[in-house]
Amino acid sequence: MSIRVSALTKVYGGQKAVDGISFSADKGVLGFLGPNGAGKSTTMKILTGFIPQTSGTAEVCGFDVAKQSLEVRRHIGYLPENNPLYLDMYVKESLGFIAGIHKIASPQKRIDEVIEQTGLRVERHKKIGQLSKGYRQRVGLAQAILHNPDVLILDEPTTGLDPNQLIGIRQLITELGKSKTIILSTHIMQEVEAVCNKVIIINKGKIVADDNLQALKQKNGTSSLEDVFIKLTNENFYS
Ligand code: ADP
């Protein structure tokens with residue numbers, strides 16, 4: 001398994017944001033769903049070594065996120081929510097900067113490969129600040145995959161994109177999921193249907209579903225993922 005999480009808990013002040021969750025993931029795209037405030041970003045930040053957990057364990061490619069953070073960073077790519085980018089940098093320059101951080105051998109060759117892979121060729125000489133939101137997301141993805149990690153963590157990568165941009169980024173995620181383990185958080189159920197093999201639903205810091213799409217719908221007696229989501233996460237739902 002590329003990701004193994006066991007009894008993971010995060011307490012902020014007095015509040016349990018993540019409450020003893022356990023799951024594992026392997027190659028493919030895992031949809032990570034839940035209402036706002038459910039604990040998705042917190043879990044993703046722990047997996048990528050951005051913040052420490054309060055208790056429990058998490059492993060990425062066999063490396064403990066708390067004890068082996070350098071190895072974990074080598075094996076993981078992260079596109080955070082809001083995709084923070086240096087708007088004054090040129091696309092190629094920003095990728096060169098990231099290549100330097102990862103000490104990538106033959107950086108120009110790898111940068112050119114990733115520019116092709118993420119469809120950034122036409123825009124490669126522009127400043128990031130001059131790009132559309134769709135292309136900025138491509139730059140974020142390019143930065144996340146530059147060191148060719150086995151695991152990718154994508155926190156709402158398609159929020160705010162127009163339908164054409166959505167299709168492009170989804171195709172890219174699907175393609176990447178053929179060789180990598182991807183955790184994708186999103187509020188767009190159509191997107192989950194389009195790209196995810198498996199789904200985890202988290203509510204108030206706890207996992208309330210962990211299954212493949214078909215089984216999840218069958219168990220909840222509906223063909224709509226949106227209905228499953230509402231049933232499992234909305235206490236005002238009676239039917
Ligand atoms: P999600 O990504 O599912 O929207 P988060 O992981 O961002 O959820 O947040 C889970 C809970 O933890 C929320 O109640 C949020 O307010 C709280 N939280 C997140 N980050 C912090 C922080 N740095 N300090 C205090 N509380 C936080």
Side-chain angles (χ1 to χ4, degrees), residues 3-25 29-60 64-66 69 72-73 76-85 133 136-137 140-141 143-144 151-161 166 169-170 173 177 181-196 198-211 213 216 220 225-237:
I3 296 178
R4 269 180 208 283
V5 169
S6 179
L8 195 72
T9 295
K10 176 72 184 180
V11 180
Y12 292 113
Q15 186 198 356
K16 253 187 197 171
V18 174
D19 191 359
I21 64 171
S22 301
F23 67 92
S24 55
V29 186
L30 168 69
F32 205 50
L33 315 182
N36 287 326
K40 303 180 296 295
S41 294
T42 299
T43 306
M44 290 175 145
K45 285 179 194 162
I46 295 170
L47 278 173
T48 50
F50 255 63
I51 58 169
Q53 68 267 45
T54 306
S55 61
T57 58
E59 279 179 14
V60 172
D64 186 299
V65 296
S69 72
V72 167
R73 278 164 205 240
I76 205 163
Y78 179 34
L79 178 58
E81 204 181 355
N82 307 322
N83 185 15
L85 293 168
K133 177 129 203 241
R136 287 186 197 188
Q137 290 304 92
L141 271 172
Q143 292 187 350
V151 173
L152 264 182
I153 308 286
L154 309 177
D155 197 350
E156 298 193 26
T158 57
T159 302
L161 300 187
L166 272 179
I169 298 289
R170 280 181 199 162
I173 294 170
T181 301
I182 301 183
I183 297 193
L184 168 75
S185 103
T186 176
H187 286 299
I188 310 169
M189 298 300 139
Q190 248 180 323
E191 182 155 295
V192 179
E193 304 262 9
V195 305
C196 297
K198 259 188 73 182
V199 174
I200 283 178
I201 301 179
I202 174 167
N203 189 38
K204 296 181 181 163
K206 290 190 155 91
I207 289 179
V208 292
D210 179 357
D211 229 322
L213 267 175
L216 196 59
N220 289 280
L225 184 59
E226 195 165 357
D227 286 348
V228 175
F229 181 94
I230 293 168
K231 185 174 167 192
L232 296 178
T233 64
N234 186 343
E235 58 234 38
N236 299 319
F237 178 84

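Just follow the structure's listing: the first ligand is 1, and inside any ligand the first atom is 1. Counting begins at 1 with the first residue of the sequence.
Atoms OG and CD, from Ser185 and Glu156 in turn, are 4.5 Å apart once rounded to the nearest 0.5 Å.
Atoms of ligand 1 found under 4.0 Å from any heavy atom of Ala38 (numbered from 1 in listed order, with element): 1 (P), 3 (O), 8 (O). Close approach to Asn36 involves these atoms of ligand 1, each under 4.0 Å from a residue heavy atom: 4 (O). Residue contact check: Ala17 has heavy atoms under 4.0 Å from atoms 10 (C), 11 (C), 12 (O) of ligand 1.
Contacts with ligand 1 closer than 4.0 Å are made by side-chain heavy atoms of Gln15 only, the backbone lying farther away.
For the pair Thr48 (side chain) and Tyr78 (backbone), a donor-acceptor distance under 3.5 Å is absent. Distance alone, capped at 3.5 Å, is enough to place a donor-acceptor pair between the Arg73 side chain and the Gly49 backbone. A donor-acceptor pair under 3.5 Å is formed between the side chain of Asp64 and the backbone N or O of Ala66. Although no hydrogens or angles enter the test, the distance criterion places no donor-acceptor pair under 3.5 Å between the side chain of Ser6 and the main chain of Ser22. Not one N or O on the side chain of Lys204 forms a donor-acceptor pair closer than 3.5 Å with the backbone of Thr233.
Annotation: Ser41 places an N or O atom under 3.5 Å from an N or O atom of ligand 1; distance criterion only.
Within the 4.0 Å heavy-atom cutoff, Gly34 does not count among the residues contacting ligand 1.
The one candidate from Ile202, Leu33, Ile201 that meets the side-chain contact (heavy atoms from CB on, under 4.5 Å) condition with Leu232 is Ile201.
Checking Gly37, Pro35, Gly13 against atom 4 (O) of ligand 1, the nearest heavy atom belongs to Gly37.
Nearest protein heavy-atom neighbour of atom 6 (O) of ligand 1: Thr42 OG1, 2.5 Å. The closest protein non-hydrogen atom to atom 8 (O) of ligand 1 is Gly39 N, 3.1 Å. At the top of the distance list for atom 24 (N) of ligand 1, counting protein heavy atoms only, stands Tyr12 CD2, 3.5 Å.
The nearest protein heavy atom to atom 15 (C) of ligand 1 is not closer than 4.0 Å.
Between Phe23 and Phe32, the ring planes are tilted. Angles from 30° to 60° get that label.
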